[in-house]
Amino acid sequence: MNPLPSLADADYRGRTVLVRADLNVPLRDGVVEDEFRLEAAIPTLTTLRRSGARVVVCSHLGRPKGIDPAFSMRPVGERLAALGGFPVTVASDVAGPGAASAVKAPGDDVILLENTRFEPGETKNDPDLADRLAALADAFVMDAFGSAHRAHSSTVGVAERLPSVAGPLLLAEVGAFERILGSPDRPYVVVLGGAKVSDKLGVIKALLPKVDVMLVGGAMCFTLLAAEGYGVGASLVEADMIDAAAEVLGSAAGSRLNLPSDLVAADRMSADSPHRVVPADAIPEGAVCLDIGPETAERFAVIAGGADTLFWNGPMGVFEWEPFAVGTRRVATAIAASSAYSVVGGGDSVAALRAMGLADAVSHLSTGGGAGLELIERGSLPGIEVLRVPRP
Ligand code: ADP
Ligand code: MG
């Protein structure tokens, strides 16, 4: 396998460099709600500016259906400029005349192209769009770990058309995941939660043989509890996944799966619902469980606290609602307090950790949710592999 080329392998003085960053931040009413991905993207842009490059950056933002002002990069450009301390000009299109004239205009501002998903060809890795993106620059830097699992025009297509390297953020992400996928220090504990078991069953299968213990909370534990034969009331269950979950539980490494022994059961799916702690084997009919219980939280915290390598993805409960945030907080605190090498991925998990002020206490905070999980499951990502192919 060829090593990943990096900024150190290139000289960008006087050249125009297109950076694919992951600036896909949550917006509410045109205001950036979480700046984590912007903060993570900025050091690469600053390094490139200092190296004498003209910096052009692009990203997707949300899932617009065609051109939609509600998904414009303009508010992102404003925050990027304020946080980065450099001027940013947002082009009027992705790779059309607006982008071309913005890139050609004199100045040292960073040019931010419009939302790549304004181009219908982006998600189809359309060659014409990739040609037009490549024509804007002399070289390409792939730094969007959070989008590296998608073979799109702005991730893979353009990398096939320009001399391309992996940016520092992408390299840091790959390094962190290699460390937990290679020969991690033991005990190796993985904590999984969040919404959907269907998204994460492949990850459970891929990781189970490698870990010492896997702790599962969040909504995804109910499909596993149901597969064990427990009644789960009205909690979220993916009925079509129960057989696959049972297969995993019955596999050789199935005993490493550690499920909740108690849960917080609510009368209904709402922040102000009455709720009580119930044993996992006595979830009342009609109750919807919205958090792991205190006994489980304590057990998970102790197991995580004893790890030498930790990976966490997915909150333990509906942490957005204060009464159901306790389990996530207990586990997050234990992960932050541990001296293990710790990697945390997933938009909601990272947001929870940041909201608690614990972001600096983990070894690596990943900008990727799905990308990290796919990297674990498949061992590589298209947006990374394309960079290993030498190009003139
Ligand atoms: P991440 O973004 O960290 O990868 P996910 O997106 O997979 O995590 O899942 C986060 C979501 O899961 C949160 O919105 C949270 O409210 C929800 N969730 C967690 N536990 C439960 C539960 N018991 N019932 C319903 N939803 C849950
Ligand atoms: Mg999420």
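Atoms within each ligand, like the ligands themselves, are counted from 1 in listed order. The first residue of the sequence shown is numbered 1, and numbering continues consecutively from there.
Near Phe222, meaning under 4.0 Å from one of its heavy atoms, ligand 1 places the atoms 23 (N). Interface of Glu320 with ligand 1, defined as ligand atoms under 4.0 Å from a residue heavy atom, comprises 13 (C), 14 (O), 15 (C), 16 (O). Those atoms of ligand 1 with a heavy atom of Gly314 less than 4.0 angstrom away are 3 (O), 8 (O). Per-residue contacts place Ala219 under 4.0 angstrom from the following atoms of ligand 1 (heavy atoms of the residue considered): 19 (C), 20 (N), 21 (C), 22 (C), 23 (N), 24 (N), 25 (C), 26 (N), 27 (C).
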Return a table of donor-acceptor pairs under 3.5 angstrom between the side chains of residues 218-237 and protein atoms on other chains or two or more places apart.
unit_1 : atom_1 : unit_2 : atom_2 : d
Thr223 : OG1    : Glu238 : N      : 3.1
Ser235 : OG     : Val232 : O      : 2.8
Ser235 : OG     : Cys289 : N      : 2.9

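Put simply, the side chain of Val191 reaches to within 4.5 Å of the side chain of Val331, judged on heavy atoms.
Under a 4.0 Å heavy-atom criterion, Lys196 is not in contact with ligand 1.
Looking only at protein heavy atoms, the nearest one to atom 8 (O) of ligand 1 is Pro315 CD, 3.5 Å. Protein heavy atom closest to atom 3 (O) of ligand 1, with residue, atom name and distance, is Ser349 OG, 2.6 Å. Scanning the protein heavy atoms around atom 9 (O) of ligand 1, the nearest turns out to be Ala195 N, 3.0 Å. The single protein non-hydrogen atom nearest to atom 19 (C) of ligand 1 is Gly317 O, 3.1 Å, given as residue, atom name and distance.
No side-chain N or O of Asp267 forms a donor-acceptor pair with one of Ser273 less than 3.5 Å apart. Between the side chains of Thr367 and Glu173, a donor-acceptor pair is found at a separation under 3.5 Å.
When the options His152, Arg132, Lys124 are evaluated for a side chain to side chain donor-acceptor pair (under 3.5 Å) with Glu119, the one that passes is Arg132.
Taking the six-membered ring for Trp, Tyr341 and His364 have ring centres at least 6.0 Å apart.
Here side-chain hydrogen bond (donor to acceptor under 3.5 Å, both in side chains) pairs that include residues 202-212, with residues two or more places apart or in two chains, are Arg186-Asp212.
The proximity of Ser235 to ligand 1, defined as any non-hydrogen pair under 4.0 Å, does not occur for either the backbone or the side chain.
Of the listed options Asp348, Val288, Val264, Asp348 places a heavy atom closest to atom 1 (P) of ligand 1.
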